[in-house]
Amino acid sequence: MSALASATSPFGGAVDFDYRREDFQALSKLVYADAGIVMPEGKAMLIYSRLTKFLRDRGCATFAEYIRLLNGDAEERRRAINALTTNHTKFFRENHHFDHFAREVRPRLVKRALAGGRVRMWSAGCSSGEEVYSLTMTLLGEDKSIARQIAATDTAILASDLADHVIEAGKAATYPAHVAEEMPPRLRQNWVNANGSEIVMSALVRNMVRFRQLNLLGNWPLKGMFDVIFCRNVMIYFDEPTKAKLLQRLCEVLEPGGFLYIGHSERLVGSGAQVCEPVGPTIYRKHGA
Ligand SMILES: C[S@@+](CC[C@H](N)C(=O)[O-])C[C@H]1O[C@@H](n2cnc3c(N)ncnc32)[C@H](O)[C@@H]1O
């Protein structure tokens, strides 16, 4: 408990650290500026609870003191922003996207890859890797001998996120055993190894994925275009201009004829909507192939 254990928050309830409306406003502005994430006043106590451990670590008695520290310490600011991201995800979330990919997209990508062509996919806002591993397992498929051939082609899958703690989790590729139930049984049998109370993605799957820390609002030092982009449940935290700009940029790096998958409550807005057509629920195909 800090010396201010009896402070009262303007957002209701007793708090350990002095936390004023202007502190919330400063932090909300900061997370918007750095990550595009909109934090309305309803999230004030969420910000409080996610940052108190940092105040303790840094020996700050009030949020005002911590905010002063953040303004002069880029690394601490990054840690705070990371902690304010919401990373909820699961294997085969919104399963109809993987069904669509397996049915409509995979056959042509596999054909091209096996004929010596280049295949690129991107999970943008990948969190701890469940999405990109679901996609990779679906690409590799049920036939292990074809999967080994695919793995030997010029096929690469990028997984990126703003938050480094989830990038590290994705690289570790280790999850609680019960999440295996979220996977189609044949894919699970092929691509997951049991390890006590945990599961680990198989080496073939892991080796196809490159994890990178990347802010979707910043520069994208990417080489080439993508055949498939998953950017799901990331834009829900953004305002309309940020969504439109991001979608425009995603569509710019999508190959003609490429596919964009977005989250169930998201929609294609801005100029991206002029270059892509809907081909399924929250699935879009870029014109021009
Ligand atoms: C709710 S998770 C979605 C994970 C996965 N795409 C899914 O649908 O299951 C949202 C992810 O977006 C990331 N994110 C938020 N703002 C971002 C930004 N500006 N640049 C890159 N990633 C961001 C968060 O760190 C978080 O891991």
Side-chain angles (χ1 to χ4, degrees), residues 27-40 43 46-47 50-51 74 77-101 121-138 157-173 175-176 179 182-183 201 209-222 226 228-250 253 259-268 280-284:
L27 290 165
S28 168
K29 217 166 138 185
L30 195 139
V31 74
Y32 178 71
D34 285 14
I37 297 171
V38 176
M39 290 266 187
K43 304 265 186 188
L46 181 113
I47 292 184
R50 292 208 182 156
L51 295 186
R77 187 165 164 141
R78 237 166 76 86
R79 287 208 314 148
I81 301 288
N82 280 352
L84 293 176
T85 58
T86 297
N87 314 113
H88 173 74
T89 186
K90 62 188 279 215
F91 282 95
F92 292 90
R93 181 183 197 182
E94 297 171 45
N95 196 20
H96 69 97
H97 284 160
F98 299 97
D99 287 345
H100 176 273
F101 173 79
M121 305 203 282
W122 181 15
S123 164
C126 62
S127 189
S128 35
E130 289 85 336
E131 176 178 276
V132 75
Y133 288 134
S134 303
L135 184 59
T136 308
M137 289 161 89
T138 308
I157 305 165
L158 170 67
S160 71
D161 201 282
L162 174 75
D164 3 47
H165 64 285
V166 289
I167 290 294
E168 290 312 311
K171 285 182 187 164
Y175 304 93
V179 303
E182 295 160 4
M183 302 170 182
M201 302 310 300
V209 181
R210 291 285 164 270
F211 281 92
R212 274 174 64 178
Q213 193 277 339
L214 185 140
N215 186 346
L216 288 169
L217 260 56
N219 291 329
W220 298 352
L222 304 172
F226 294 91
V228 172
I229 299 176
F230 274 57
C231 185
R232 308 184 311 160
N233 309 302
V234 180
M235 287 177 287
I236 36 172
Y237 305 105
F238 296 168
D239 61 8
E240 291 303 312
T242 311
K243 283 179 197 171
K245 179 76 188 149
L246 173 59
L247 284 163
Q248 181 198 329
R249 295 179 72 198
L250 290 172
V253 297
F259 291 85
L260 172 66
Y261 296 81
I262 62 177
H264 66 284
S265 62
E266 297 162 339
R267 65 201 168 86
L268 191 54
T282 54
I283 308 171
Y284 299 87

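What's counted below: heavy atoms across the whole structure, side chains too, no hydrogens, waters or symmetry copies. Every number for a ligand or one of its atoms is a count from 1 in the order of the listing.
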Side chains of E240 and T242: donor-acceptor distance under 3.5 Å anywhere?
no

Proximal ligand 1 atoms for T85, defined as those under 4.0 Å from one of its heavy atoms:
24 (C), 25 (O)

Proximal ligand 1 atoms for L214, defined as those under 4.0 Å from one of its heavy atoms:
20 (N), 21 (C)

Around atom 9 (O) of ligand 1, find the nearest protein heavy atom and jot down its residue, atom name and distance.
T89 OG1, 2.6 Å

Is it true that, when you exclude K43 itself, more than 12 heavy atoms of the residues, nucleotides or ligands shown sit nearer than 6.0 Å to its NZ?
no

Apply ring-ring contact (aromatic ring centres under 6.0 Å, His included) to the pair F98 and F230, showing each step before the final yes or no.
CA-CA 10 Å; F98 299 97; F230 274 57; 5.4 Å; yes

Give the atoms of ligand 1, by number and element, whose distance to some non-hydrogen atom of E131 is under 4.0 Å.
5 (C), 6 (N), 7 (C), 8 (O)

Side-chain (E266) to main-chain (V234) donor-acceptor, under 3.5 angstrom:
yes

Would you please indicate if the ring centroids of F92 and H97 are separated by under 6.0 Å?
no

Side-chain (R232) to main-chain (C126) donor-acceptor, under 3.5 angstrom
no

Could you tell me if any non-hydrogen atom of N82 lies under 4.0 Å from any atom of ligand 1?
no

Check: L216 N/O within less than 3.5 Å of ligand 1 N/O:
yes

Show the numbers, then the answer: is there a side-chain hydrogen bond (donor to acceptor under 3.5 Å, both in side chains) between N95 and E182?
CA-CA 10 Å; N95 196 20; E182 295 160 4; over 6 Å; no

Any nitrogen or oxygen of N233, side chain or backbone, less than 3.5 Å from one on ligand 1?
yes

Considering both backbone and side-chain atoms of A35, is one of its nitrogen or oxygen atoms within less than 3.5 Å of a nitrogen or oxygen in ligand 1?
yes

G125 N/O under 3.5 Å from ligand 1 N/O
yes

Step-by-step side-chain hydrogen bond (donor to acceptor under 3.5 Å, both in side chains) determination, N87 to H165
CA-CA 10 Å; N87 314 113; H165 64 285; 3.2 Å; yes

Using a heavy-atom cut-off of under 4.0 Å, does the side chain or the backbone of H88 touch ligand 1, or both, or neither?
backbone

Under a 3.5 Å cutoff, is there a donor and acceptor pairing between the side chains of E131 and S123?
yes

For atom 7 (C) of ligand 1, the protein heavy atom that lies nearest, with its residue and separation:
R93 NH1, 3.2 Å

Considering only non-hydrogen protein atoms, determine which one is nearest to atom 13 (C) of ligand 1 and report residue, atom name and distance to 0.1 Å.
D161 OD2, 3.4 Å

Give yes if a backbone or side-chain nitrogen or oxygen of V166 is under 3.5 Å from a nitrogen or oxygen of ligand 1, and no if not.
no

of all protein heavy atoms, closest to atom 14 (N) of ligand 1 is V234 CG1, 4.0 Å

Between CZ on residue F259 and CZ on residue F101, distance to nearest 0.5 Å
10.0 Å

Check each heavy atom of T86 against ligand 1 and say whether those closer than 4.0 Å belong to the side chain, the backbone, both or neither.
backbone

G263: heavy atom below 4.0 Å from ligand 1, yes or no?
no

Any chance the rings of Y261 and F226 have centres within less than 6.0 Å?
no

Under a 4.0 Å heavy-atom limit, does Y237 contact ligand 1 with its side chain, its backbone, both, or neither?
side chain

Taking the side chain from S160 and the backbone from Q213, do they hold a donor-acceptor pair closer than 3.5 Å?
no

Within ligand 1, which atoms have a heavy atom of S127 less than 4.0 Å away?
4 (C), 27 (O)

For I37, atoms of ligand 1 separated by under 4.0 Å from a heavy atom:
15 (C), 16 (N)

What atoms in ligand 1 come closer than 4.0 Å to a heavy atom of R232?
3 (C), 5 (C), 6 (N), 7 (C), 8 (O)

Which residue owns the protein heavy atom closest to atom 23 (C) of ligand 1, what's the atom, and how far is it?
L162 CB, 3.7 Å

Quick one: does ligand 1 sit under 4.0 Å from the side chain of N215, the backbone, both or neither, non-hydrogen atoms only?
both

Taking the six-membered ring for Trp and the full ring for Phe, Tyr or His, determine whether the centres of Y175 and F91 are under 6.0 Å apart.
yes

